[in-house]
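A quick write-up on the structure given underneath.
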Amino acid sequence: MAKPDLLLLVLDDSPILQLTGRALRAAGYELAIVQDIESMQKALQESSPALVLVGETFAGKSGLKLAESMLDRFPTLPILLFAEHDTTGLAKEVLRIGLSGYLYPPLRIEDIVTAVNRSMERAHHLGDWLRREVKMTTASLEKRAQLSESERNRYETIFANIQDGVIVLDSRHNIVILNPSIRETFSLGDQDLKGRPLLEVITQPDVRALLTRSAEGPVKYHEVTLDNGQVMNAQFTPIPGIGSAITMQDISYLKDLDRMKSDFVHTVSHDLRSPLTALLGYAELIDRIGPLNEQQKEFLHRMQASVQHITSLVNDLLDLERIEAGFDTRREAVSIEGILKFTIDTFEGQAVTKKIDLKCDVAPGIPTVRANPIRIRQLLDNLVGNAIKYTPPDGKVLINVAARDQQIILEVTDTGPGIPQSEQTRIFDKFYRATNVPDGTQGSGLGLAIVKSIVENHHGRIWVESVQGKGSSFFVVLPSQE
Ligand code: ADP
């Protein structure tokens with residue numbers, strides 16, 4: 001048999017209390033009767049009554065106030081008020097506080113029992129509904145938790161299987177997560193590294209340099225060379241709201257290929273230089289040992305021009321290799337203006353022949369740059385030489401030199417054919433000649449590659465702005481010595 005519901009009677013001792021007690025016991029309820037505030041609190045707390053009946057006054061206190069504070073603590077507890085009189089004010093208060101109802105004289109036994117039964121019924125309904133809602137909400141929460149758990153597992157599997165190394169950092173460069181590839185590369189074992197500062201866990205200097213560089217400017221990649229010779233290309237990407245991610249890709253095989261290619265170029269160029277010098281020497285001697293007819297002279301002249309062309313190509317290759325390998329370390333105070341004069345002298349003749357208007361505009365007081373003067377001459381010769389070579393007759397070439405923010409800005413602008421947009425980044429590659437080059441134009445496609453290497457070796461930047469059919473402007477920015 002179910003346990004009878006317990007009702008708490010918070011009523012002063014009176015004939016009404018006796019009557020109510022008897023009636024409710026007879027109706028099958030269990031009763032707890034309290035006579036003071038303290039035992040009322042205790043009963044509420046410990047015996048969890050199913051319903052409370054409270055007098056309009058109890059132990060000298062307002063029953064409404066007591067009911068209100070009971071509902072603050074147990075919002076679903078049904079409470080009936082025993083009023084001394086029925087007034088509209090009282091009815092309003094009962095509604096405002098949220099009591100189950102109120103009874104007032106003349107009190108009859110059936111009225112009391114009916115009111116209690118009805119309140120209990122409503123409370124049971126409410127309880128059932130609440131339990132159902134809680135059950136439904138819990139089930140849906142459990143389902144959602146299961147889903148996000150399986151989703152998390154999926155992401156973790158993907159993350160763990162990425163071949164490239166991945167590290168996610170918070171905004172203070174503490175590790176959020178890293179994948180097995182990184183653990184293997186840096187021999188980190190399987191210790192828990194979450195929350196640890198990256199630079200404490202990975203002490204490799206290149207990783208430190210990557211983090212420093214990423215904070216300083218827009219360059220977000222760096223080569224990381226490990227003790228075992230492996231080379232990784234590390235990329236730094238900021239992630240809004242989280243911090244950043246570093247991805248590392250093994251580029252050792254590319255480095256090996258590059259080294260093999262450089263070795264090959266170096267050997268071939270070196271081995272070619274001596275026979276070429278010999279060829280040129282003998283070609284010069286030919287007309288000294290006997291007279292040549294006009295046709296022989298012409299052929300000899302063409303031979304010399306071809307050998308000179310190959311020699312300059314070989315020299316370009318050797319230069320490029322030397323600059324790229326970092327062997328070009330000569331540095332002194334160089335005046336761009338001074339060197340530009342030699343370049344203009346060299347190309348003025350060609351400009352006059354092609355009727356090209358060659359102009360030079362150098363701002364006064366241009367500071368010097370710390371550079372190798374031979375390389376700066378090479379840089380200027382290549383840019384000005386190209387401008388004159390590619391600009392058709394009657395065009396214009398303007399060389400502009402200015403200084404701003406401790407930088408020297410060189411601009412070589414021409415009214416030549418312009419360079420197709422899609423090829424503008426490729427023209428700085430070795431041996432690349434764009435589709436705008438008219439047939440028969442001399443060149444090897446090495447000039448701009450050399451210029452780019454020189455600029456980078458001097459910590460500068462180079463770029464081109466060009467519109468097809470209008471012309472091109474090459475910009476070089478070098479740090480000034482001040
Ligand atoms: P090249 O020996 O062919 O001149 P460069 O490396 O100096 O080699 O230049 C690469 C390519 O860039 C050229 O082949 C040409 O297509 C393009 N180029 C360079 N300078 C200019 C210019 N001033 N105007 C138009 N195209 C140019």
Side-chain angles (χ1 to χ4, degrees), residues 261-262 265 269 272 305-324 328 340 343-344 346-351 353-361 374-401 409-458 460-477:
K261 197 187 69 196
S262 295
V265 169
S269 320
L272 275 178
S306 292
V307 175
Q308 255 153 8
H309 178 66
I310 303 176
T311 310
S312 78
L313 180 66
V314 167
N315 285 339
D316 276 355
L317 280 173
L318 286 171
D319 272 348
L320 192 56
E321 196 229 320
R322 221 169 289 142
I323 300 165
E324 281 185 346
D328 179 54
L340 191 56
T343 299
I344 305 268
T346 308
F347 290 99
E348 214 155 30
Q350 289 179 30
T353 313
K354 280 181 87 174
K355 294 205 180 71
I356 286 175
D357 181 12
L358 174 62
K359 279 220 175 78
C360 192
D361 184 3
I374 295 173
R375 299 293 174 220
I376 297 297
R377 173 76 197 270
Q378 238 174 335
L379 179 156
L380 290 169
D381 281 4
N382 268 306
L383 292 181
V384 177
N386 273 352
I388 291 177
K389 179 165 72 173
Y390 291 109
T391 302
D394 301 316
K396 281 186 188 152
V397 171
L398 174 66
I399 305 158
N400 198 299
V401 185
I409 301 143
L410 165 76
E411 181 185 343
V412 181
T413 297
D414 62 50
T415 55
I419 301 156
Q421 179 79 34
S422 59
E423 293 184 277
Q424 287 179 12
T425 48
R426 301 194 61 193
I427 55 171
F428 298 98
D429 292 347
K430 284 171 223 166
F431 299 111
Y432 191 82
R433 305 198 77 199
T435 48
N436 63 347
V437 177
D439 280 347
T441 312
Q442 290 246 336
S444 61
L446 279 177
L448 287 181
I450 293 180
V451 172
K452 185 166 181 249
S453 291
I454 295 173
V455 170
E456 285 176 354
N457 211 26
H458 286 79
R461 283 180 295 131
I462 181 167
W463 71 96
V464 66
E465 286 171 15
S466 180
V467 178
Q468 257 192 297
K470 287 204 165 157
S472 313
S473 293
F474 284 84
F475 294 86
V476 170
V477 177

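Only heavy atoms go into these numbers, but all of them, side chains included; no hydrogens, no water, no symmetry mates. Counting starts at 1 for both ligands and their atoms, in listed order. Each residue takes its place number in the sequence, starting with 1.
With sequence neighbours excluded, no residue forms a salt bridge (charged side-chain N to carboxylate O under 4.0 Å, His left out) with K389.
Counting only heavy atoms from C-beta outward, the side chains of I374 and D328 never approach each other to under 4.5 Å.
If you look at ligand 1, the protein residues with a non-hydrogen atom under 4.0 Å away are N386, A387, K389, Y390, D414, I419, I427, Y432, R433, A434, N436, V437, G443, S444, G445, L446, G447, L448, S472, F474.
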Taking only distance into account, with no hydrogens and no angle test, what donor-acceptor pairs under 3.5 Å do side-chain atoms of residues 441-451 form with protein atoms, sequence neighbours excluded?
from: T441; atom 1: OG1; to: P438; atom 2: O; distance (Å): 2.6
from: S444; atom 1: OG; to: L446; atom 2: N; distance (Å): 3.3

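Evaluation of the salt bridge (charged side-chain N to carboxylate O under 4.0 Å, His left out) test over residues 310-319, restricted to residues two or more places apart or in two chains, returns D319-R322, D319-R375.
Aromatic ring orientation, F474 versus F428: perpendicular (interplanar angle above 60°, classes split at 30° and 60°).
In summary, the side chains of S472 and E465 do not present any donor paired with an acceptor at a separation below 3.5 Å, with no hydrogens or angles considered.
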